[in-house]
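Everything on this sheet refers to the single structure shown next.
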Amino acid sequence: MRSRRRLLAAGLAVPLLLVALYLAFGDALRPDGDGGVRVAAPETDRTTARICAELIDAVPSTVAGAERRETRPGSRLTAAWGDPAIVLRCGVPRPDEMNRATATGAKIGEVDWMLESPGEDGRHRCTTALRTVYVEVSIPGSYQDVTPLEDLAEAIRKTVPAGISDA
């Protein structure tokens, strides 16, 4: 009788252990290793969220030769490609840097961008200008050119109206 109980207990323990391991380490077991790119989604109003959702649907599956990845938590305001990841956040607040006369701007792929110097992490932050919604693209220093902005420009032109945002 005792051996039967032990067998039953062992039979229940293994599936429970597997469930506990999956809950604890499930993201690490996914094919992309980390369960997606962690990206903080901006807070937006309904109109901005609608425009951003259209943009996220329109972005290409590859940017600068890098494949699209999931973002965590999942959001209709964010997208990512590659490793290290190129990260897009739609609906960000107007960067303070845009108010400075020394801000660096460029027109890339028929989209106006404000370009910021690399941060401490070596990433370049680029934010759309003269659009009703601000779109921020963070590019790792390992990408040495503006190809990510060129690859995203068409989707931005088609979905984010030109104009000046009050946000």
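For the numbers below, each heavy atom of this structure counts, side chains included, while hydrogens, waters and symmetry mates do not.
Minimum interatomic distance between R131 and E110 (heavy atoms only, all atoms of both residues): NH2-O, 3.8 Å. Residues R68 and P60 approach most closely at CD-O, 4.3 Å, considering heavy atoms. Nearest approach of V133 to C52, heavy atoms of both residues: CG1-SG, 3.9 Å. Heavy-atom minimum distance, V135 versus C90: CG2-SG, 4.0 Å. Nearest approach of A64 to I86, heavy atoms of both residues: CB-CD1, 4.1 Å. Between A106 and L115, the shortest heavy-atom contact is CB-CD1, 3.8 Å.
For the pairing with R125, the salt bridge (charged side-chain N to carboxylate O under 4.0 Å, His left out) check across E97, E120, E116 returns one residue only, E116.
Under a 3.5 Å cut-off, the side chain of R123 and the backbone N or O of S138 do form a donor-acceptor pair. Checking side-chain atoms of R94 against main-chain N and O of Y134 turns up no donor-acceptor pair under 3.5 Å. Under the 3.5 Å distance criterion, the side-chain polar atoms of Q144 are matched with a main-chain donor or acceptor of G141.
Neither V37 nor L152 shares a network with the other; the hydrophobic side chains, linked directly or stepwise wherever heavy atoms of I, L, V, M, F, W or Y lie under 4.5 Å apart, form separate groups for each. Cluster membership check: I108 shares its hydrophobic cluster with V63, using side-chain heavy-atom separations under 4.5 Å among Ile, Leu, Val, Met, Phe, Trp and Tyr. Under a hydrophobic clustering in which Ile, Leu, Val, Met, Phe, Trp and Tyr are joined whenever their side-chain heavy atoms come within less than 4.5 Å, directly or via other members, M114 and V137 fall into different clusters. Residues I139 and I156 share a hydrophobic cluster, clusters being chains of Ile/Leu/Val/Met/Phe/Trp/Tyr side chains in contact below 4.5 Å.
Within the 4.5 Å cutoff, the side chain of E150 has no heavy atoms near those of the D145 side chain. No side-chain heavy atom of T44 sits under 4.5 Å from any side-chain heavy atom of I51. Between T128 and W113 the shortest side-chain heavy-atom distance falls below 4.5 Å. Side-chain contact between V87 and T78 is absent, with no heavy-atom pair separated by less than 4.5 Å. Inter-residue side-chain proximity for W81 and D151 is flagged as unmet; no heavy-atom pair is nearer than 4.5 Å. Under the 4.5 Å side-chain criterion, counting only non-hydrogen atoms from C-beta, L88 is in contact with I56. Residues V111 and L149 fail the side-chain proximity criterion, which asks for heavy atoms closer than 4.5 Å.
Taken to the nearest 0.5 Å, the CZ atom of R89 stands 9.0 Å off from the OG1 atom of T127. Between the OG1 atom of T132 and the CD1 atom of I164 there is a distance of 11.0 Å, given to the nearest 0.5 Å.
For D45, the CG atom is densely surrounded, since the number of other residues' heavy atoms within 6.0 Å is greater than 12.
A salt bridge is defined here as a Lys NZ or Arg NE, NH1 or NH2 lying under 4.0 Å from an Asp or Glu carboxylate O, and E154 with R157 fails to meet this definition. A salt bridge links R76 with D57; the closest basic N to acidic carboxylate O contact falls under 4.0 Å.
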